[in-house]
J.: 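What follows is a structure written as structure tokens; I'll ask about it next.
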Amino acid sequence: EAIADNSINRQQIHQTDVQLLTALANHAALAIDSARLYAQAKRRAAELDEAYRKLEAATERLVRSEALAAIGEVTAIVAHEIRNPLSTIGGFARMLKRRADEPEIVARNASIIAEEVAKLEHILSGLLDFSKPSRPKMVACSLREVVEASATAVAERLAQGNVHLVLDLAEDLPLVPLDCHQMQQVVANLIINAVDAMPDGGTVTVSTRQENRQVILAVQDTGMGIPAHHLDQIFDHFFTTKPTGTGLGLALAKKVVEDHGARLEVT
């Protein structure tokens, strides 16, 4: 309810005056409400901005924490992997120093040291390959030629393991966009893993086929197989069941395959 009075000039207030005053009052009320709502919105925006900054800072701390945890895990694993070769090298180097005048001992110890250094180089090479893999340089490739080149590269390993390699390669496959060198490494890695799974020898079959506009390459062995509880782990970094493995080979192979827009699966 509003009351108006011309206390200055004592003139009569007409209905039009009341309507005009009412309109002005309504506009004033709307302006006051708008100002109050704007102030509330501004305050809320400031609160949201502060909350966002806190969330962003918390996220950065979490990312740093996870990164440090991952680095710590990798460091622990790498330290574990290189401790034994380093201990062996140190022990035999000290023995060399003590018995430097015995040629047979020197030759034997130097050979052992060279083997342990090769192990270290293998571990570090795997880490470097995984940490800084180059992006694939795609060209139209024959998958048959990729597989045949991989087979040639691992021929000696096959012979040492008493493993027979069977190539069942489709004749009519189309050329596919690949980084031929990277894919050769992937296929060679899969063949070597198959050889390692057959300590008493066996057969590795590499086959190719086309299904539903997809090209499929399969590597199959007659070895002991993979325990079911390990199937979800074999592509994890540093997971290995081999006494001298680094656990990076299959992880790197999976990354290379996925960089090609393809899938690497295991059964």
Side-chain angles (χ1 to χ4, degrees), residues 70 73-74 77 122-155 157-158 161 163 165-198 203-242 244-267:
E73 181 181 356
V74 171
I77 294 171
H122 176 63
I123 292 170
L124 293 176
S125 176
L127 283 169
L128 290 173
D129 286 344
F130 185 80
S131 62
K132 293 184 179 179
S134 58
R135 298 294 301 174
K137 299 175 183 177
M138 304 290 204
V139 295
C141 290
S142 163
L143 203 55
R144 168 182 286 275
E145 293 178 1
V146 168
V147 173
E148 289 174 344
S150 301
T152 300
V154 299
R157 188 71 176 271
L158 291 166
V163 172
L165 178 65
V166 176
L167 301 183
D168 180 17
L169 309 177
E171 295 284 351
D172 56 349
L173 287 183
L175 297 179
V176 288
L178 298 173
D179 184 312
C180 301
H181 178 68
Q182 286 191 3
M183 200 54 65
Q184 286 172 16
Q185 289 181 311
V186 168
V187 176
N189 185 293
L190 296 178
I191 294 174
I192 289 171
N193 271 276
V195 172
D196 290 341
M198 299 182 290
T203 301
V204 176
T205 302
V206 181
S207 60
T208 59
R209 66 185 187 275
Q210 185 174 5
E211 288 183 5
N212 301 325
R213 300 183 65 187
Q214 289 185 327
V215 173
I216 299 172
L217 182 147
V219 179
Q220 186 175 11
D221 65 66
T222 58
M224 62 189 76
I226 302 170
H229 61 281
H230 284 165
L231 285 176
D232 293 335
Q233 297 174 278
I234 65 169
F235 296 120
D236 291 348
H237 314 153
F238 301 107
F239 175 79
T240 182
T241 58
K242 304 175 188 177
T244 59
T246 63
L248 289 171
L250 286 177
L252 179 59
K254 185 176 178 66
K255 186 176 190 317
V256 170
V257 169
E258 290 178 346
D259 283 348
H260 279 75
R263 299 191 309 275
L264 181 59
E265 300 174 346
V266 59
T267 56

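This is a predicted model, so every value here is computed, not measured.
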J.: Would you say the side chain of Ile191 lies within less than 4.5 Å of the side chain of Arg157, judging by non-hydrogen atoms?
T.: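 No, side chains not in contact.
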
J.: For Asn189 and Gln185, indicate whether the former's side chain and the latter's backbone hold a donor-acceptor pair under 3.5 Å.
T.: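 Between the backbone of Gln185 and the side chain of Asn189 there is no qualifying donor-acceptor contact (under 3.5 Å).
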
J.: For Gln210 and Pro174, which heavy atoms make the closest approach, and how far apart are they?
T.: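 Heavy atoms of Gln210 and Pro174 come nearest at OE1-CD, 3.4 Å.
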
J.: Is the closest side-chain heavy-atom distance between Leu190 and Leu264 below 4.5 Å?
T.: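 Side-chain contact under 4.5 Å: yes.
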
J.: Identify the heavy atoms of Arg144 and Leu169 that sit nearest to each other, and give their distance.
T.: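 The pair with the smallest heavy-atom distance is NH2-O, 3.0 Å.
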
J.: Does any part of the side chain of Ser142, heavy atoms only, come nearer than 4.5 Å to the side chain of Leu175, both counted from C-beta?
T.: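 Yes, side chains in contact.
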
J.: What are the two closest non-hydrogen atoms of Ala170 and Thr208, and how far apart are they?
T.: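 That closest heavy-atom pairing would be N-OG1, 3.0 Å.
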
J.: Side chain of Thr203, backbone of Thr222: donor and acceptor closer than 3.5 Å?
T.: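 No, because the side chain of Thr203 does not come within donor-acceptor range (under 3.5 Å) of the backbone of Thr222.
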
J.: I would like to know whether Val219 and Val204 meet side-chain contact (heavy atoms from CB on, under 4.5 Å); could you show each step before the answer?
T.: CA-CA 7 Å; Val219 179; Val204 176; 4.0 Å; yes

J.: Would you confirm whether Ser150, through its side chain, and Gln184, through its main-chain N or O, come within 3.5 Å as a donor-acceptor pair?
T.: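 Such a contact is found between Ser150 side chain and Gln184 backbone.
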
J.: Hey, are the side chains of Val146 and Val186 touching, using non-hydrogen atoms and a 4.5 Å cut-off?
T.: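 Not in contact.
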
J.: Is it the case that atom CD in Gln220 sees more than 12 heavy atoms from other parts of the structure closer than 6.0 Å?
T.: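 No - once you tally the heavy atoms of other residues, nucleotides and ligands closer than 6.0 Å, there are 12 at most.
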
J.: Taking His181's backbone N and O only, do any of them form a donor-acceptor pair with Asp179's side chain (distance below 3.5 Å, no angle check)?
T.: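 Yes, the answer is positive, given that a donor and an acceptor are paired below the 3.5 Å cut-off.
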
J.: Search all heavy atoms of Met138 against all heavy atoms of Asp259 and return the closest pair with its distance.
T.: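 Closest heavy-atom pair between Met138 and Asp259: CE-O, 4.2 Å.
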
J.: Looking at residues at least two apart in the chain, or sitting in another chain, which of them share a side-chain contact (heavy atoms from CB on, under 4.5 Å) with Glu211?
T.: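 Glu211: side-chain contact (heavy atoms from CB on, under 4.5 Å) contacts with Arg209, Ile216.
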
J.: Measuring from Lys254:NZ to Glu265:CD, what's the distance to the nearest 0.5 Å?
T.: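 It comes to 7.5 Å.
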
